[in-house]
Amino acid sequence: MSDAYQPNFTLKFMRDDGNGGGFNGLRRRWWFRVLAWLALLSGIGAALVWALFLRDLPSVDALRAYEPPLPTNVRQGDGTPLRSYARERRVELSYEEYPKLLVGAFLSAEDKTFFDHGGVDYPGLIRAAWQGMTSGETPRGTSTITQQVAKNLLLTNEVSYIRKAREAILAFRIENTLSKEQILELYLNQIALGRNAFGVEAAAHAYFDRPVKDLTLPQFAYLAILPKGPSNYMPERHEARAVERRNWVLGQMLENGYVDQAQHDAAVASPLGAVPRQTPSTSPLGGYFIEEVRRQLLDKFGETEKAGPFSVYAGGLWVRTSFDPELQKAAQKALRDGLLRYDRGRGWSGPMREVPFSGDNWRSGLLNTNINLDYEDWRTAIVISKSGGAAQIGFGNGNVGTLPASGAQMPVRGEGGTAFAKLKPGDVIAVAPEGGVFALRSVPKVSGGMVVQDPHTGRILAMQGGFDATIQSFNRATQAQRQPGSTIKPIVYSAALENGMTPASIIVDGPFCVYQGAALGQKCFRNFGNMRGAGPKTMRWGIEQSRNLMTVQAANTTGMDKVVDLIQRIGVTQQKLPPYLSYALGAGDTTVMRMVNAYSILVNHGRALTPSLVDFVQDRKGKVIWPENWRACDRCNAPDWDGKPMPRPVIRSRQVLDAMSAYQMVHITEGVIQRGTATTLRELGRPIMGKTGTSSGPRDVWFVGGTPQMIGGLYIGYDTPTNLGGYAQGGTLAAPIFKQFAQKAFERLDVLPFTAPAGIRMVRIDRASGRPVYGAWPTSDPKGQVIWEAFKPESEPRRRIRRGEEEEAPKAEATKKAVRREAPRDSDFLQREDGIY
């Protein structure tokens, strides 16, 4: 082939390509263009499908680990149910726990081909789509149970064709992930059925007041009609409609073979049998305690499921508290009775709430206040109308009664006139039955708080934060910052004992002034009631008689920096107070719970305690999640002794106060009960330590103290600090309240002494002078001259050698050594009396 021929061949090839060969020619083929357009449209369609239906579609894998929102259940110290915190009433059951007839009722009403389809009912979907296109409306009620699970748990309630398509896709995925039984279990536990009931078990209680396992066939059928719209079949408004729809479900059950003709006919003839709508009944006992538990759980775990898997209103927690119902009843009644005794004769305090209403809507207005008085026979009522000499009043259960003018003649506090004249419609008041009608009662304006604690564990056994938690939720036991008055003195003197003083140290009860600088000048302290000083007295006497002058003398000698350091260490305050002498007399602010805990630390030999209302928290599967280091005591609840040593908890608390100093103060404050400002408690006939307190004004009165097994404390005062009156003192107001509580609470307690730590020496001394006594013994007379006093080693007072005895002393010592006999010692007596206490 010549070189001249090659160009001609190339040109021919290019001409052939241009006439229909190669890729350009292929593009002109009709079938190629069709395929290209189809590919392009398919890609666009796939992108649209992804954007409209698949984008952001939830993962079905989440359903494997799905846990429905469950309420938190709170229990007493003995495990008895106490209260629940819930926004949705729900009880989770397994599929096996649901009766077969109930399952049949829901399948007949919602999805009779559930066990046959793969997630979507195609014939039903086509029919619904056709009806929707012909009517111009978006089809409803076309979802299978699987689709409803997808919508309820993973999608929104939007009504649209797009949502329906997403629902169908997700239903396919659910069917490929879960079994039919698992899908039904999710559905029956999650579905909303009205009356704030979510899930079938909760609905069984809401509509029939019994568990689902105890329901009858017609009741199963009624529950099965509720998913379509609970408000449409409420028995109180649409009973006839509900019965008609229920009977339709029964007919479907007969048609599907779940019941026979006789069962069907008997069920159709049955009445609906639903109970009236009611608020879940809860005991009002311990309202302040339960609310404080809720606050602590919210701080720890959060409120809703967004806060985590252990939230209070969705986590299904099981909470074991230290709540003791019997102690709570005693504390609640004692504090209420004390408040009423003080408030009696001061006139009517006014309505608890004012609720405007129109027509016959007074009942809903009253119920919305959530006030539920439970003091003796008192009841919460609302004034409906008033005319002539009587007022018509209504109650939460819908009943009405009469309040005559003669039953409301007490004067209005601070205004004059009668309470009846002041009453008006809408006033929420307290009344009590009296002679076939009702009489007005006055809720006291003065208030207070009370706490009872185990001094060895820190567990709070009872708590009352006011007259009634439904009237005012402010918890004065934990939230009210008050001046502790003289109840701070045992802490002040404990600092003195830690720094060299003894219970027999002599302190002058006399004038004491301190220069506070040019701006403040001279500050002179005084005893309560301006009582004169009694001269040199023992520390014990100063505490028993609550002498302010002796307290500031001791604090000044010890050093206020050391005093306020102990006040902080023992937990009375969170921050360290300035070293001012006024804080030694209770000028700082604290709470009842902190003061009770401080006294418990004294009884606990100076070891730190943390007040606790919650023993432990379990998740819905039973695992303890709080406290983090919680350990079960395997042998603590053994029915019989196994011969091994008794299990004892490991003590991990730190020592915040010298153990012997703590016991010395406990022993001294027993004298407050025997001879001091709280002698009213002496009648209880058992070892009790404690201290009364009265703040300046007096604005608050206190008592804190108790036995080796139980420490309690309380204060009384107005929420806005106001003078209680010159006669008000801790010994006259607070101590009698504690006594009323103790008479009931101490019945089940053994009479035990306070135990002394190792090293304490018990010495006979003269109560007035603090000098050692020989030849005489303490008696049962609380005012006896000779008493036992607790001393640290080598700190007890020694007998002085009189003049003329110096020469005889060596001879006497030699004689003792020769005879090798010792005189009887106090420790010998104490051992014979069963040890030191």
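Positions are given from 1, in the same order as the sequence printed here.
- Residues satisfying the salt bridge (charged side-chain N to carboxylate O under 4.0 Å, His left out) test with R540, not counting sequence neighbours, are E544, E789.
- Remark: side-chain polar atoms of Q328 are paired, donor with acceptor, to backbone N or O of M463 under 3.5 angstrom.
- Here the closest heavy-atom approach between residue S486 and residue N548 is recorded as OG-OD1, 4.3 Å.
- Here T669 pairs with nothing under the side chain to side chain donor-acceptor pair (under 3.5 Å) rule; sequence neighbours left out.
- Separation of atoms CG (L298) and OG1 (T72) is listed at 9.0 Å; rounding is to 0.5 Å.
- One N or O on the side chain of T321 and one on the backbone of F323 form a donor-acceptor pair closer than 3.5 Å.
- Comment: R294 does not engage D299 in a salt bridge, judged by the lack of any side-chain N to carboxylate O separation of less than 4.0 angstrom.
- F525 carries K523 over the face of its six-membered ring, with the cationic atom under 6.0 Å from the centre and within 45° of the normal.
- In this structure Y599 satisfies the ring pair (Phe, Tyr, Trp, His ring centres under 6.0 Å) test with no other residue, sequence neighbours excluded.
- To the nearest 0.5 Å, the span separating CG on L681 from CD1 on I673 amounts to 4.5 Å.
- Of the charged side-chain nitrogens involved, none lies within less than 4.0 Å of a carboxylate oxygen, so that D427 and R353 do not count as a salt-bridged pair.
- No side-chain donor-acceptor contact under 3.5 Å links K691 to the backbone of I488.
- A donor and an acceptor atom, one from each side chain of N372 and D468, are nowhere located under 3.5 Å apart.
- No side-chain donor-acceptor contact under 3.5 Å links T679 to the backbone of R675.
- Within the structure, ring pair (Phe, Tyr, Trp, His ring centres under 6.0 Å) pairs that include any residue of residues 327-347 do not occur (at least two apart or interchain).
- When atom types are taken as modelled, the side chain of Q568 and the backbone of V564 share no donor-acceptor pair closer than 3.5 angstrom.
- No donor-acceptor contact under 3.5 angstrom links the side chains of R413 and S349, judged on distance only.
- A donor-acceptor contact shorter than 3.5 Å links the side chain of T732 to the backbone of Q729.
- A donor-acceptor contact shorter than 3.5 Å is absent between the side chain of D750 and the backbone of L752.
- Under a 3.5 Å cut-off, the side chain of D377 and the backbone N or O of A432 do not form any donor-acceptor pair.
- Y313 meets the ring pair (Phe, Tyr, Trp, His ring centres under 6.0 Å) test with no other residue; sequence neighbours excluded.
- A salt bridge links E415 with K422: the distance from a Lys NZ or Arg NE/NH1/NH2 to an Asp or Glu carboxylate oxygen falls below 4.0 Å.
- With contacts defined as side-chain heavy-atom distances shorter than 4.5 Å, the pair L403/I429 qualifies.
- Residue pairs meeting the ring pair (Phe, Tyr, Trp, His ring centres under 6.0 Å) criterion with at least one partner in residues 670-723, sequence neighbours excluded, are W702-Y715, F703-F738.
- Using a 4.5 Å heavy-atom cutoff, the side chains of L602 and S494 are in contact.
- Pairs passing the side chain to side chain donor-acceptor pair (under 3.5 Å) check and including a residue from residues 583-597, sequence neighbours excluded, read Q453-N597.
- Judged as a ring pair (Phe, Tyr, Trp, His ring centres under 6.0 Å), and not counting sequence neighbours, F420 has no contacts.
- The stretch residues 668-692 participates, sequence neighbours left out, in no ring pair (Phe, Tyr, Trp, His ring centres under 6.0 Å) pair at all.
- Between the side chains of Q575 and T573, not a single donor N or O lies within less than 3.5 Å of an accepting N or O.
- Residue pairs meeting the ring pair (Phe, Tyr, Trp, His ring centres under 6.0 Å) criterion with at least one member in residues 439-494, sequence neighbours excluded: Y375-F467, W378-F467.
- Salt-bridge check for D374 with R336: passed, with a basic side-chain N closer than 4.0 Å to an acidic carboxylate O.
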Side chains of residues 355-363: which donor-acceptor partners sit under 3.5 Å, not counting sequence neighbours?
{"unit_1": "N361", "atom_1": "ND2", "unit_2": "S358", "atom_2": "O", "d": "3.3"}
{"unit_1": "R363", "atom_1": "NE", "unit_2": "G396", "atom_2": "O", "d": "2.7"}
{"unit_1": "R363", "atom_1": "NH2", "unit_2": "G396", "atom_2": "O", "d": "3.2"}

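- Side-chain atoms of T418 and Q409 form no donor-acceptor pair, as typed in the model, at a separation below 3.5 Å.
- Partners of E683 under the salt bridge (charged side-chain N to carboxylate O under 4.0 Å, His left out) rule, at least two apart in sequence or in another chain, are K739.
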| Can you check side chain to side chain contact (heavy atoms under 4.5 Å, CB included) on R482 and V592, steps first, answer last? | CA-CA 8 Å; R482 315 295 292 204; V592 177; over 6 Å; no
